[in-house]
Amino acid sequence: MTISMKPSLVLQKLRSGENVACFKVNLADARVVEIAALAGFDCIWLDQEHIGQDWSILAAQIWAAKSQNKDTLVRVCRGSYSDYVKPLEMDATGIMVPHVMNVADARKVVGMTRFHPLGMRAIDGGNADGAYTAADFKQYLKDANQQRFVILQIEDPEALEGLEDIARLEGYDMLFFGPGDFSQAIGAPGEMNHPEIVSARKKVVEVALKYGKFAGTTGTPDKVRTYQAMGYQFISIGADVIALTQYCKGLLTGFKDEEQKGGPADQYYKA
């Protein structure tokens, strides 16, 4: 029996004009991924750029998302082709390459992550994405090019200078605007409404759509409608560490508020 590669939910929704909700996971436990998938997020963002997850942890997190028929996006480390290809071989549904600076940089990414005729990705086929050699070889190559997505992250002012050249390049799927590092690069760390960030966010989506690419970014839930109206179909709207931190702080605030109010417990000890 020939086994086919699982289609990408993200690509299916984007190609049909729908919007995608993404959630970022920093913690190592695969159960966090499963919880986010069970909650209904289309895509779970896993990170190797800033987080020291080893490959076994990453594999477990990918399995957890697959168990709920959800996609995983792995932001890779900048490095060799192995850094880019290994998450795909583990059957992550997509990868995101940070700090793409120009078209030459983008062309290298495509060359390392796409099979012929789009690129020269190293071939194995004996891993999860190739069903451990159970998939038809030629169909595997075709599916890997069509059902696995590659995202280029635009988060530096220098990248805007050649953005149209990057956008017209074939072989990848999405431009993703990263406002955090962009704010630091322009000397306005954390100022998400800075005029240069507002302008850059607008330019990235306009150029992406002009050349038939999808556009993605990060944003809080109150910004979702605004960004979708601009043309962003893929939005990452939260993270596990943010949720846990806010929940813990909220509990402690409630605890302290109740202590200050006094009540039955105080009366008991005063009796």
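We count residues from 1, following the sequence as given.
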Exercise. Any chance you could measure M96, atom CE, to S236, atom OG, to the nearest 0.5 Å?
Key: 7.5 Å
Self-check item: Any donor-acceptor N/O pair, T245 side chain to I242 backbone, under 3.5 Å
Solution: no
Self-check item: Presence of salt bridge, K86 and D83, under 4.0 angstrom
Solution: no
Practice problem: Could you tell me whether the side chain of Q61 reaches within less than 4.5 Å of the side chain of T72, counting heavy atoms only? | Solution: no
Quiz item: More than 12 foreign heavy atoms under 6.0 Å from NZ of K13: is that the case here?
Solution: yes
Self-check item: side chain to side chain contact (heavy atoms under 4.5 Å, CB included), paired with R121, selected from V85, V110, L141, N145
Solution: V85
Quiz item: Any chance the side chains of Q139 and D143 put a donor and an acceptor closer than 3.5 Å?
Solution: yes
Quiz item: Do NZ/NE/NH1/NH2 and the carboxylate oxygens of K261 and E258 come within less than 4.0 Å?
Solution: yes
Exercise. Output yes when a side-chain donor or acceptor of S16 lies under 3.5 Å from a complementary backbone atom of Q12, and no otherwise.
Key: yes
Self-check item: Separation between CD1 of I57 and CG of D54, rounded to the nearest 0.5 Å
Solution: 4.0 Å
Quiz item: Above 12 or not: heavy atoms from other molecules or residues under 6.0 Å from NE2 of H50?
Solution: yes
Quiz item: Between M101 and V207, is there a shared hydrophobic cluster once you connect ILVMFWY residues whose side-chain heavy atoms come closer than 4.5 Å?
Solution: no
Quiz item: If you measure from the Lys or Arg side-chain nitrogens to the Asp or Glu carboxylate oxygens, is any gap between D105 and R78 under 4.0 Å?
Solution: yes
Quiz prompt | Salt-bridge contact D91-K66 (side-chain N to carboxylate O under 4.0 Å) | solution = yes
Practice problem: Look up atom CD in Q233 and atom CZ in R15, then write down how far apart they are to the nearest 0.5 Å. | Solution: 11.5 Å
Quiz item: Do R114 and D173 meet the salt-bridge criterion of a basic N to acidic O distance under 4.0 Å?
Solution: yes
Practice problem: Quick one: sort the W45 and F176 rings into parallel, tilted or perpendicular, breaks at 30° and 60°. | Solution: perpendicular
